[in-house]
Each structure stands twice: as structure tokens, then as C-alpha cells.
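Quick note: numbers below take in every heavy atom, side chains included, and nothing from hydrogens, waters or symmetry partners. Source: prediction; values computed, not measured.
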Amino acid sequence: MRKELERILPRVQKPARYTGGEYNQVVKDKAQVSLRIAFCFPDTYEIGMSNLGMRILYGVFNAMDGVWCERVFAPWGDMEDEMRRAGIPLYALESGDDVRNFDIIAFTLGYEMAYTEVLNMLDLAGVPVRSADRKDSDPLVIAGGTCAYNPEPMADFIDLFLLGEGEEQCRELAELCMAAKQEKTDRGALLQKASQIGGAYVPTAYTPAYHEDGTLKSVTAAPGYPETVKKRIVADFDRSYFPEKMIVPSTEIVHDRVVLELFRGCIRGCRFCQAGYVYRPVRTRAPERLVRQGIDALKNSGYEEVTLSSLSTSDYKPLNGLCDGLLDWCEPRKVSLSLPSLRADNFSMDLMQRVQKVRKSGLTFAPEAGSQRLRDVINKNVTEEELLNTCRIAFEGGWNTIKLYFMLGLPTETDEDVVAIAELANKVLWTWKQHAANKSRGVRITVSTSCFVPKPHTPFQWEAQVTMEEYMRRVELLRSSMRARAVTYNWHAADTSLIEAVLARGDRRVGAVIEEVWRRGGRLDSWSDYFSFDRWMQAFEACGVDPAFYANRTRSCGELLPWDMFSVGVRRDYLEKERQTAYAGVITPDCRVRCSGCGAAALREGGCKDV
């Protein structure tokens, strides 16, 4: 550790965030390394170390001969201030070396509010924030993750985006970069070659044009670059890489446990859910492989909890057998097994009682809408009867804590739909009064709402977000309808939802706003400690950008969208049809009942055979 760090670490919160040296970290001999990658997570250590995707790609890179991938996290404000004061640039945890001396700086973009921190980390590293200002001697700045499915707001800052699942893409890019480094290929030629990797997007090779009304007119690709960038998937997910030797963090993190990914994709097709569309088609891992991976990861880390993770965990067909296989090893060792992403329409009390023998936690469900009419609009194929029956089973089994998640501002929502949320919460409370096994402990029912954010590549990508004022009116309507003391109501802030909507559906012109916010001091905007709505609004005004144009405007189906040139496999005409079906209040059956012909099956030989 450098001496400057030894002096400043005693003055910051949680110094263990910045020291490295964790059990199972990868350290390589620099003399044997030809390509160095700084894997940057634009948030704090606790958040980044909880990210399974980062753990996977860290392992994929480091399994390659000649490649060394190290971790970099955003410093909290106190540490950043100390680093800038002491002249310490951003560094990697494994070696302590400056990030600016690496060959590749790779960012994962999981949520839009992290955008300003990407710029902040580049600046702290001493790397020009705009790709146009970088020279051949600067690192190649790449990015991927869910937000990369509309990369345009960050197009001025990233040299290369990778769309889709990175296990194979990253290996191909690393091999290309090692060859280019040996051959002394210049930056432009390297990017042109990289654009031929499936799912790769080089923003500088594409020129947008706009109509007088501000809508997108066209996007022109430079010669030799693909007109459409199609995402990459891992076709054989069952045999894809899993990090069985997970790094054990030096300090407490958000998800301090082994995480097993059961499958990718989702059979449900909720019309608001971006992940449900961009991760198609469904691909699963065999339960026998998952049991072995889970046990090995627990042995290698010493964790006392394993969680089964996917978009809808309870849709995994061999779930009972998987849980039994894990519990045979976990239960005698007091290792707990948790199941997030439960659905009320296939909840199994027998399963929950088995997996929570070691540690019983509360239950969480996401009906998303209070009325059956609105649940049909969004294709949330869960009925009130199913939800209440699930709650009855849980209360009879001794549970007394239920969390319910909803959205306000969904397309076609009325005041009656809003009040229906309170009515549904009251019905859950009444179910507890009728069926609770132990009423002496009381009951805790928590209702949480967030503002609907229309996302790219979903049937609701054309919809308008309700204004902040309208959202807060609906929050107040719902709050005034909540009268039972056993029901607690929490709601997400309206201002961050507006910014998220602008960044999610923005085009390249929004990049100037992101940079302006950062130059005005914006950083770690996903944290309320640092987020400033006034700063964002001042930046919009300074850049001449109207946030309502991106967030609160309904788009026509004929409008060219900033993300139309990026294919996730789901056809645009299918999304249009689903939007029409939503307004008709008709549900689309899940993929196991009937194939809806979305187009994602074409991404993989054999189609959706794992469904």
C-alpha cells in the first residue's frame, strides 16, 4: 500500500473499501501479463461486490492467459476528497496501480443514475471523459450492462459498448486487444476491428440527425460498420462460467452471500419489465450442476447463506429438487437458503418451510397494480385470489411479515386503480386476522410504490411518464386511503424517477446534460446523500434540453427511437402488438402456455427449448 493511502485511510468511513487484499482475489505476475483490465463499478464497494455479473466477468477475464482483470469501485465522497487533496489518482484494488496505466477500463452500467459517476471515475483516474479527447496512449474505455441497450446518452464518453451477455464477447475483445497491442494497431483501427465482434457498438462511427421538432430523423453508420447491432447471448448457459471461488469482501456488503443464477430470461412477459425482454430467450442450468456449484462456492468462501436468483425464481421447474440437494448439505451446517423473486401464483408453502428451517425471513411479492383490470393491462398474470390465498398459507404457516410492491403511473391507471392498492392491503390484513397461526406477534404489512419509468425494448417504450406533480397527487391519494395501523406505506421519490426516465429514453444530446451535472459537482447520484434535483434541472436549462421531451411525451409508433438500431431479439412489431393488447386489457399467456412469437427464439439454435 502506498504511503499516502496509509495517511488518509484513518480519516475516512469504512477504509476496508479501499485496501484490497481479500480472500480469493486474483493476483498475477505482471511479467506474465500482456493485457491489463480495470473493471470499474460506478458505485461503492458494498454495491459492486454484491453484483454477480461483475464476479462472473472478473473470473472470465482472469481465466485467460496473459490477462489480468482488477476491480475498481467508486470512492465515497470523503475518500474522493482525500484522494484529490493528496493527488492520488483512481487505483485498482489488487495491485494498487493507477487505472490510467491499464489497457482497458471497463464499466458495467446496471442503472441510469450511475452515469455521472462514470465521468467522475474517469476524471479521478486522469483519463479524458470524452472519447474524442483520448489518444492512442489512453486506455480503451468500454461499457456493458442493462443500460447499454440504449447507449446513446453515454455515447460521447465510451469508446466501445458491448450489448448482451459478456462471457464470450469479453474473451473475444481481450484476444483482439492483445493482438492489436502486439501489432501496435492504432485506436481507430482497433475500434473498427472490434465493431465486427457480435454485439459491439462504436458510437463515433454513427451519426444521428434530427427533425425540426427534435425527434430522431436518422442514424447513419460509417462504411464497414453494422447498420444494426444485435445483442450477444450465451447459448449454452448450463456450461457457462460460474465463479465458484468468490472474493470474500473485507467489509459488510449489501448481498453478503453466495448467489446461484438458476436461469436467464423470463417466461412471463410483464409489459413494463425491461429485463424480461432483453434477457430472452430462457436458458437454464441443470439442478445437479447448481448444487455442486453452490456447495463449492460455500466451501471456498465460508458464507453462511446461499440465495437462488433469477428474474422469477419460482418458475424454475426443478426448484424443489434443487432445494433438497442444497439443503442436504446446508442444513447440518446452519447455512440458510433464500428464495427471492417469488410469485403469488406459484407459491409453495411446503418449499418455503423447507428452505427457511435455518433462518425465517419475511415474504415479498410484487402485484405491481392494485386492480385486476390494471394487472391485465401490464400482463402481470396474478389474480387477487391467488395473492390472498398465498398470504393465507403464509399466515397459517407462522409468517407475520409481508411486503408488497406496486407502481404508480402505469398506462391507463385511474384513481380507482390507485385506491385499489389500499383495498388490497386491507384484504391482506383481514386475511391475517382470519388465518394467522399466532396473532400475539402482530402483523407487519409494508406497501411500497415507485413511479413507472417507461424503458426501451418494452411494449411501454412509447408511453409517457406521469409528471412529478401527478405522481405525488396519486401518492397522496393512496396515503390518505391507508388507514390501518398495521399497514406501512413507503413511496419512491418522484424527482429521481424523472431523471431516470430521461436517461433511460434519452438520445445523444442528453450526454451534454450528464457532463454538465458532473461538472457542477454531480457524483454518486443513485444515493440521496449526493443526488440534487436542482443541479439536474439547472443542467437541463444550461444545455437547452427539455426533460419533459424525453420523460413525459408519448411517442408515436412511427417515430424512430434512439435504441431502434440495437436488437435484443424481440421484434419491434411484436412490442407494438403487445402495446395494443395492453390497451385492450388482454393478457398474453406465458411462454410455457403458448409461444407468443416474440422473435427471441431465433437468437439460439433450438430456440426456447428450456422453457
Considering residues at least two apart in sequence or located in another chain, which fulfil the salt bridge (charged side-chain N to carboxylate O under 4.0 Å, His left out) criterion with D376?
none
Listed partners of K455 passing salt bridge (charged side-chain N to carboxylate O under 4.0 Å, His left out), at least two apart
E112, E500
Does the gap between the ring centers of W491 and Y489 come in under 6.0 Å?
yes
Can you give the donor-acceptor pairs under 3.5 Å from side chains of residues 240-254 to other protein atoms, not counting sequence neighbours?
residue, atom, partner, partner atom, Å
S240, OG, F237, O, 2.7
S240, OG, R285, NH2, 3.0
E244, OE2, R292, NH1, 3.1

Have [X] and [Y] got a donor and an acceptor in their side chains that come within less than 3.5 Å?
X: R444; Y: T401; result: yes
X: T412; Y: R373; result: yes
X: D417; Y: S371; result: yes
X: E261; Y: S310; result: no
X: D43; Y: Y111; result: yes
X: R594; Y: T588; result: no
X: H255; Y: T307; result: no

So do L308 and L337 actually touch side chain to side chain, heavy atoms under 4.5 Å?
yes
Mind jotting down which residue pairs meet the salt bridge (charged side-chain N to carboxylate O under 4.0 Å, His left out) criterion with at least one end in residues 44-57? Sequence neighbours excluded, please.
K14-E46, R17-E46
Result of checking R232, R280, K231, R283 against E165 for salt bridge (charged side-chain N to carboxylate O under 4.0 Å, His left out):
R283
Is the number of heavy atoms from other residues, nucleotides or ligands under 6.0 Å of [X] [atom1] greater than 12?
X: Y583; atom1: OH; answer: yes
X: R239; atom1: CZ; answer: no
X: E385; atom1: CD; answer: no

Before giving the answer on side-chain contact (heavy atoms from CB on, under 4.5 Å), spell out for Y405 and F365 the whole-Å C-alpha distance, their side-chain angles and the decisive distance to 0.1 Å.
CA-CA 6 Å; Y405 285 95; F365 299 102; over 6 Å; no
Suppose we screen for ring pair (Phe, Tyr, Trp, His ring centres under 6.0 Å). Which residues come up paired with W329, at least two apart in sequence or across chains?
none
Parallel, tilted or perpendicular: which fits the ring planes of Y277 and Y574, with parallel below 30° and perpendicular above 60°?
tilted
Anything under 30° is parallel, anything over 60° is perpendicular, the rest tilted; go ahead and classify F73 against F41.
tilted
My understanding is that only one of R505, Q465, M407, E463 makes a side-chain contact (heavy atoms from CB on, under 4.5 Å) with V453; could you say which?
Q465
My understanding is that only residues two or more places apart in sequence, or in another chain, count here; which of them pass side-chain contact (heavy atoms from CB on, under 4.5 Å) with A106?
I37, I104, I142
